[in-house]
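For ligands, and for the atoms within them, numbers begin at 1 and follow the listed sequence. In this chain, residues are counted from 1 in sequence order.
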Amino acid sequence: MDKKKTVVLGVTGGIAVYKALDIVSRLKKKNIDVHVIMTNSACEFVNPLSFQSLSQNMVVNDMFTEPKQWEIQHISLAQKADLMLIAPATANIIGKIANGIADDMLSTTIMATKAPVIFAPAMNTNMFMNPIVQNNICKLKEYGYKFIQPDSGRLACGDIGKGKLRDTQIICEIIISMLHPVKDLRKKKVLVTAGPTIAPIDPVRYITNKSSGKMGYAIAEEARDRGAEVTLISGPTFLPKPFGVRFIDVKTNEEMLNKVLENFDDQHIIIKAAAVADYKPKTYSNNKIKKSDDTLNLELLKDKDILKTLGDKKNNQILVGFAAESNDLISNAEKKLEKKNLDYIVANDITSQDTGFATDDNKVTILTKKGKKIPMNKMSKRDVAKELFNLINLELRD
Ligand code: CTP
């Protein structure tokens with residue numbers, strides 16, 4: 001079990017304070033201990049009780065209102081933190097820290113901590129673009145403080161521009177990634193394919209495979225968090241693009257093949273979790289096909305097997321495939337492992353109701369080219385990704 005991590009969240013006064021509640025909730029769901037420090041102006045926007053209820057820890061506010069604790073509290077939280085996040089961070093807190101001002105609980109804690117400090121600014125766009133604020137940000141970056149850049153859009157004040165607090169899901173992904181205990185894929189390049197591909201019939205119709213992309217995205221995120229340089233080549237999905245990975249979107253088998261080949265040579269590990277369409281219509285109709293007879297025959301042509309192409313081409317790369325099977329799981333997976341010249345294949349039974357397509361869980365067996373068969377319990381797709389990289393790393397060290 002990984003050691004439980006502690007995040008100290010500094011909340012400063014701006015309209016985006018309410019969004020920080022979602023940050024607390026998301027971090028708590030990841031089993032992170034969250035301690036919130038609010039400035040006095042943050043308390044004007046949202047009652048500390050809301051943060052207290054979500055974090056299940058006392059909210060710290062003014063240095064001088066808690067006589068029993070104030071002397072050491074900024075030191076104890078500063079020491080306790082594995083990471084400090086300031087969200088939303090106003091121009092005021094950025095300016096204070098950049099100029100060495102420590103006059104309340106939050107600013108003294110930021111000054112006293114040795115943990116990484118990340119600011120997620122949110123403010124009016126003119127304020128954010130003000131050279132004074134920008135200079136303060138540059139200065140803090142030089143000291144090693146990190147910034148999660150705000151988004152552009154319509155701000156609470158009605159102006160349009162840069163200054164919206166970055167999406168809370170992305171903020172949390174960045175934080176969780178920074179807290180990740182192992183960085184055993186540092187300096188490794190990992191290419192992942194995910195989602196379905198489509199084979200167009202006419203301008204409005206296409207053939208595709210069932211695939212949410214969740215497994216491939218979980219693999220890309222795990223690799224990123226372990227320090228890898230990740231390229232994710234994805235067919236159409238409804239998932240948000242993961243931060244911090246090079247994202248290439250494709251639609252057809254041919255587009256996926258071309259992008260994979262373009263990126264193949266300098267990769268260390270390639271994982272093909274995509275559900276690639278095996279057949280495409282022999283002819284594509286430029287016009288929408290009109291309905292006429294009761295039956296319509298489509299002639300299909302076998303499309304490229306991308307993974308087999310990679311297996312034939314590979315030299316030192318580690319190649320991992322998936323096998324989606326409805327019967328004879330292990331023997332079918334073994335055949336694919338050999339035929340496609342893979343190092344590993346992750347076999348999953350697609351007939352199971354609560355695992356597999358579109359679910360968050362999966363129950364797989366991993367087969368290795370050395371003949372090992374490793375059955376896994378039902379677990380989250382992220383945990384499957386973890387186990388897969390644990391295995392690859394173990395064998396890399398042999
Ligand atoms: N794959 C691929 N290109 C294809 C078909 C599959 O790269 N045209 C890859 C998938 O990404 C997966 C592996 O091959 O990693 C196995 O895919 P799967 O659909 O289980 O098997 P197929 O090889 O298509 O064989 P079948 O459909 O007959 O089971």
### Message
Between Lys139 and Glu142, does any side-chain N to carboxylate O distance fall below 4.0 Å?
### Response
no
Residue pairs passing the side chain to side chain donor-acceptor pair (under 3.5 Å) test with at least one member in residues 307-333, sequence neighbours excluded, are Lys308-Asp312, Lys314-Asp343, Glu325-Asn332, Glu325-Lys336
- Task: Give a yes or no on whether Leu9 and Leu165 share a hydrophobic cluster (residues Ile, Leu, Val, Met, Phe, Trp, Tyr; joining criterion: side-chain heavy atoms under 4.5 Å apart).
- Result: yes
By salt bridge (Lys or Arg N to Asp or Glu O under 4.0 Å), Asp202 pairs with (sequence neighbours left out) Arg205
Per the under 4.0 Å non-hydrogen criterion, ligand 1 touches Asn253, Lys272, Ala274, Val276, Asp278, Lys304, Asp305, Ile306, Leu307, Gly321, Phe322, Ala323, Ala324, Lys336, Lys340
So ring-ring contact (aromatic ring centres under 6.0 Å, His included) across residues 118-154, not counting sequence neighbours, yields Phe119-Tyr145, Phe119-Phe147
Item checked: Any side-chain heavy-atom pair of Asn362 and Asp383 under 4.5 Å -> no
